[in-house]
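When reading the values below, keep in mind they use all heavy atoms of this one structure, side chains included, and skip hydrogens, waters and symmetry mates.
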2 protein chains.
Amino acid sequence: MGDTIYDRDLDRVAANYQPLSPLLYLDRAARVFPEHVAVIHGGLRRTYADLYDRARRLASSLKARGIARGDTVAVLLANTPEMVECHYGVPMTGAVLNTLNTRLDAAAIRFCLEHGEAKILITDREFSRIAGPALEGMEKRPLVIDVDDLEYDGPGETLGELGYEAFLAAGDPEADWALPADEWDAISLNYTSGTTGDPKGVVYHHRGAALLALGNVVTGGLGQHPVYLWTLPMFHCNGWCFPWTLSVVAGTHVRLRQVRSEAMYRLMAEHGVTHLCGAPVVMQLLINASDAERRPLPRRVSFFTAAAPPPEAVLAGMSEAGFDVTHLYGLTESYGPAVVNAWHADWDALAADQRAAKKARQGVRYPVLEALDVRDPETMESVPADGKTMGEVMMRGNVVMRGYLKNPKATEAAFKGGWFRTGDLGVKHPDGYVQLKDRSKDIIISGGENISSIEVEDALFKHPAVAAAAVVARPDPKWGETPCAFVELKPGANASENDLIQWCRGRLASYKLPRHVIFGELPKTSTGKVQKYILRERAREGGKEA
Amino acid sequence: MGDTIYDRDLDRVAANYQPLSPLLYLDRAARVFPEHVAVIHGGLRRTYADLYDRARRLASSLKARGIARGDTVAVLLANTPEMVECHYGVPMTGAVLNTLNTRLDAAAIRFCLEHGEAKILITDREFSRIAGPALEGMEKRPLVIDVDDLEYDGPGETLGELGYEAFLAAGDPEADWALPADEWDAISLNYTSGTTGDPKGVVYHHRGAALLALGNVVTGGLGQHPVYLWTLPMFHCNGWCFPWTLSVVAGTHVRLRQVRSEAMYRLMAEHGVTHLCGAPVVMQLLINASDAERRPLPRRVSFFTAAAPPPEAVLAGMSEAGFDVTHLYGLTESYGPAVVNAWHADWDALAADQRAAKKARQGVRYPVLEALDVRDPETMESVPADGKTMGEVMMRGNVVMRGYLKNPKATEAAFKGGWFRTGDLGVKHPDGYVQLKDRSKDIIISGGENISSIEVEDALFKHPAVAAAAVVARPDPKWGETPCAFVELKPGANASENDLIQWCRGRLASYKLPRHVIFGELPKTSTGKVQKYILRERAREGGKEA
């Protein structure tokens, strides 16, 4: 490192160097605002003092069971208070929190438990139908702890050796816990949904989680004491790191076991919700809520969405319903959102369609992401900022995952060339804003020309009868592939295949026109993303039939 | 580090590990909001694109002169645009920015230049009267670059080889610059005022500066595009890191060459100022402004103050004048503020004197400071949180300095026991909030009893005729020391020595009463702190005479 005057006698010591970790945010919130309500769940209220107490009890009980640094503790939980507690209590022991996707089937859960080598599984009774078969006959069966949520009265049974409340009661709320020795230590493990092949285990570290939490506060403009409604599953990228984010500003988590419009409006009105994150489907629910379901909101609500650019009509509907929409972008590999459509005040003066066009862009890096670019995946050269030249969206920085667990090949491929390759294709506009054009695997190649499925979807979306649209490649003997559209119509609306193709004709180059339009509900993931691989299969089958 | 599954094949690479540095905040602001005004200085407007361009030109010209990692570049500047540029351009080369206190005398400036081994000095014409003699006959005279600020028309001459504008013009705005290889690398050097002995050179690093900037945004509730009025000198703890903080949220720096009430009100009204930081003396200026000097403010302004707890009357006056006051605490060694009087909403309902008592407490750690405590400096044991037991205020975390340059003894003493010892004495209240009672050297020991000078000052401050008060120890043959008060009366107000002693009698234990009261203006540092060492000398002289 050289030998300047600054390289002598100015070393890291305990006084001036501590590992970055989001765990300290809870410690602070509990000390500074012990009586502030941290969690609202049905009739239950827990303060920050309670939350810290319960997290420390959990940590102490886990340690008593031998859980230590680098062990995996898996959880199969709804967005309940226990889930927040696990975000603190598990890493307080040095262990790694593996939040399992509750929409997976038993085989996938089994895969995750085995691959992650979970020593303990904390599971909600509701999910016993998948956890039960997943655990059956496992060679190294984890210790199972059951959560029996008072707000849940549906079917399901307890599976385990212990109840969560008894486990906590045995813990010591005064027990010491320590920061990790190294901020690079793993804090959580998130399996990607794995549309092809086995899920990959994305590893987060304390440093990245601490930084993304600050990034969320800065980017989301969270002041002190925000009231945050949970619709996003916390198993998804650790809820975009919001379980940690809220402690920075001593916010209140408002829980919602099921995402329904009536409940959302009721909770927003009752608790003065200020912020929420949600998939596009949540915006649809809010906009399409009946008058009976709606409630007047005490103030405008900030809504953070990702996964798909919000269309013009949705933005207008949301604004009218009292929401300010911010468009974020990220992946499991980037701790959730790491890119924001940073809004310019002068864009407010644009016409609605131009505003929507601006809002559709994924945007620019979070202040805590060091670099975002669109590059040629072969040469690694940056594409020109012309809004046209496609390349792969790439990221670099401290809120990029450590890598994929026990999968050095995949890790190496993802980081090849010194950047994290998102697998998303996009362009850079002249103002530097990035816009996705497609997943690399979603691009349609017709007669040698690249067609962005998103562009075709946008054209369809503008048709007044269309509620949702997804376009995929359909094998074609002449062109190689042609665009095949799957369309969900609005209730009561009508449009024929030909209507929609004609509609697109005025809006797209002719080679980009969908050749087939198939009507019906779109298959979606638990986080509201359209499952294009299912549609691709359907299109392929249709292709064979044709 | 052990060998768990998380310790294998999940290493730091360029894609997922980048040095933390505030320099990237400017890069981002310039890319995302290039046209947003970054700097207002008289009639001058510079956008973020301009600021980034000029910072890069500066870096490129410095590099052309051989400036590289670990070199010191000293600046003797007012709060001008050049000063912000130096906060970026200098560290972009890997060099270290040494902001010199413009109120020092030539000998002290000479000491800093020699001790810091400055290779270059960038100096404003206004300060040639101190820079000139400081440079005279220096063995290793730095290259001198003159700033000739258009807003300054007072006396002073250029001293150097080069003008700042010509130096920048020769630079290349497209030149590459690099982040430091290590976030632990030094970014700036701040000499403490050194009330005893030679000044000590406090070394900041990129990691700490990046984190404190985020901490300021979170703690100060800065939204996007704040408008920030500079009254705090930027040479003081790098302006509490606000030159870097504003880039996180693309804020506007409004410059003020001289802190006068008319100019402050005019700039706040004209530019819609949202935030400012200032010493207690700035609050006095704002409150005591005449009607002619005042201007209606377009919105309430957030005012961050430190150095002394704001008294009740000041808080009331500030609120009436349109300011919300937040009380911060920190030291040069903690990058400026690292502690905040985090306000509880329910304290608003308290009576004015009780609110002021709450506000007088220094408070709790910033979210980016890892620990704050009050400990026995001998045993290192935490004092009980009883609001009474005194101890030394101690900090630990990433926003604590690397240490004192070329002074390992002082560094070791400051960090002894694993904590940074602030030298401030205080108590911990039952709610964990820290309150200063005195500097260790300011405590008065009378007949074996400790007397907090702050407590005596508080009592004096409540007298309607008192504008400012400072209490120090006066040698006493019988008691060892007794409290000696120095008092500034309000214009037109009258009070005798005996009046004030009687006033205190109802408010303080008798051994704490000031035995002497001396009237007159208090000597203050450039940042508005009372220079108690001067008062101590005066009290000592008085003591001899008596």
Honestly, the part of B:Met401 sitting under 4.5 Å from a heavy atom of chain A is backbone
Item to check | Pair A:Leu372-B:Arg28, side-chain contact (heavy atoms from CB on, under 4.5 Å): steps then yes or no | outcome: CA-CA 10 Å; A:Leu372 170 72; B:Arg28 181 180 186 272; over 6 Å; no
Pair count under 4.5 Å, heavy atoms only, with chain B: among A:Val96, A:Val399, A:Val249, highest is A:Val96
The complete set of salt bridge (Lys or Arg N to Asp or Glu O under 4.0 Å) pairs with one or both residues in residues 398-409 of chain B, sequence neighbours excluded, reads B:Glu117-B:Lys406
Sorted by chain and residue number, the side chain to side chain contact (heavy atoms under 4.5 Å, CB included) partners of B:Thr326 (sequence neighbours excluded) come out as B:Phe304, B:Leu328, B:Val340
Please examine the side chains of B:Arg365 and A:Asp27, heavy atoms only from C-beta on, and report whether any two atoms are closer than 4.5 Å.
yes
Item to complete: Kindly determine whether A:Thr72 and B:Ile5 satisfy side-chain contact (heavy atoms from CB on, under 4.5 Å), including the steps that lead there.
Response: CA-CA 9 Å; A:Thr72 302; B:Ile5 52 175; 4.1 Å; yes
Is there a donor-acceptor pair closer than 3.5 Å between any side-chain N or O of A:Trp184 and the backbone N or O of B:Leu10? yes
Residue from B:Val364, B:Val203, B:Leu405 scoring the most non-hydrogen pairs under 4.5 Å with chain A is B:Leu405
Has A:Asp348 got more than 12 heavy atoms of other residues, nucleotides or ligands less than 6.0 Å from its CG? yes
Can you list the steps and then say if B:Val13 with A:Thr411 is a side-chain contact (heavy atoms from CB on, under 4.5 Å)? CA-CA 11 Å; B:Val13 294; A:Thr411 302; over 6 Å; no
One should read off an interatomic distance between A:Glu370 CD and B:Leu179 CG, to the nearest 0.5 angstrom, of 7.5 Å
Those residues of residues 205-212 of chain A that come under 4.5 Å of chain B on a heavy-atom basis, listed by number, are A:His205, A:Arg207, A:Leu211
Stepwise side-chain contact (heavy atoms from CB on, under 4.5 Å) test for A:Val217 and B:Val217
CA-CA 9 Å; A:Val217 171; B:Val217 171; over 6 Å; no
Is there side-chain contact between B:Val248 and A:Val218, with heavy atoms separated by less than 4.5 Å?
yes
### Message
Looking at B:His344 and A:Val32, would you say the former's side chain and the latter's main chain have a donor-acceptor pair under 3.5 Å?
### Response
yes
Counting heavy-atom pairs under 4.5 angstrom with chain A, the leader among B:Ala371, B:Ala345, B:Gly397 is B:Gly397
| Heavy-atom count around A:Asp346 CG within 6.0 Å, excluding the residue itself: above 12? | yes
N-O pairing of B:Arg12 and A:Asp182 below 4.0 Å: yes
Can you check whether B:Val400's main-chain N or O pairs, donor with acceptor, with A:Asn16's side chain at less than 3.5 Å? no
Checked A:Gly418, A:Gly403, A:Ala414 vs chain B; the most non-hydrogen pairs under 4.5 Å come from A:Gly418
Hits for side chain to side chain contact (heavy atoms under 4.5 Å, CB included) against A:Asp431, two or more places apart or cross-chain, chain-then-number order -> A:Trp347, A:Arg361, A:His429, A:Tyr433
Scored by heavy-atom pairs under 4.5 Å with chain A, the best of B:Trp343, B:Phe415, B:Tyr404, B:Tyr17 is B:Tyr17
The reported gap from OH in A:Tyr6 to CG in B:Asp71 (rounded to nearest 0.5 angstrom) is 9.0 Å
Heavy atoms of B:Tyr25 and A:Pro367 approach each other most closely as CE2-O, 3.7 Å
Applying a strict 4.5 Å limit to non-hydrogen atoms, the region of B:Leu189 in contact with chain A is side chain
Turns out that what part of A:Met394 lies under 4.5 Å from chain B's heavy atoms comes down to neither
inquiry  = Counting C-beta onward and ignoring hydrogens, is there a side-chain heavy-atom pair between A:Leu214 and B:Val368 closer than 4.5 Å?
reply    = yes
Does atom CZ of A:Arg31 have more than 12 heavy-atom neighbours from other groups under 6.0 Å away? no
ask   = Counting heavy atoms not belonging to A:Glu412, are there more than 12 under 6.0 Å from its CD?
value = no
Taking A:Asn398 for the side chain and B:Gln18 for the main chain, is one N or O donor matched with an acceptor at less than 3.5 Å? yes
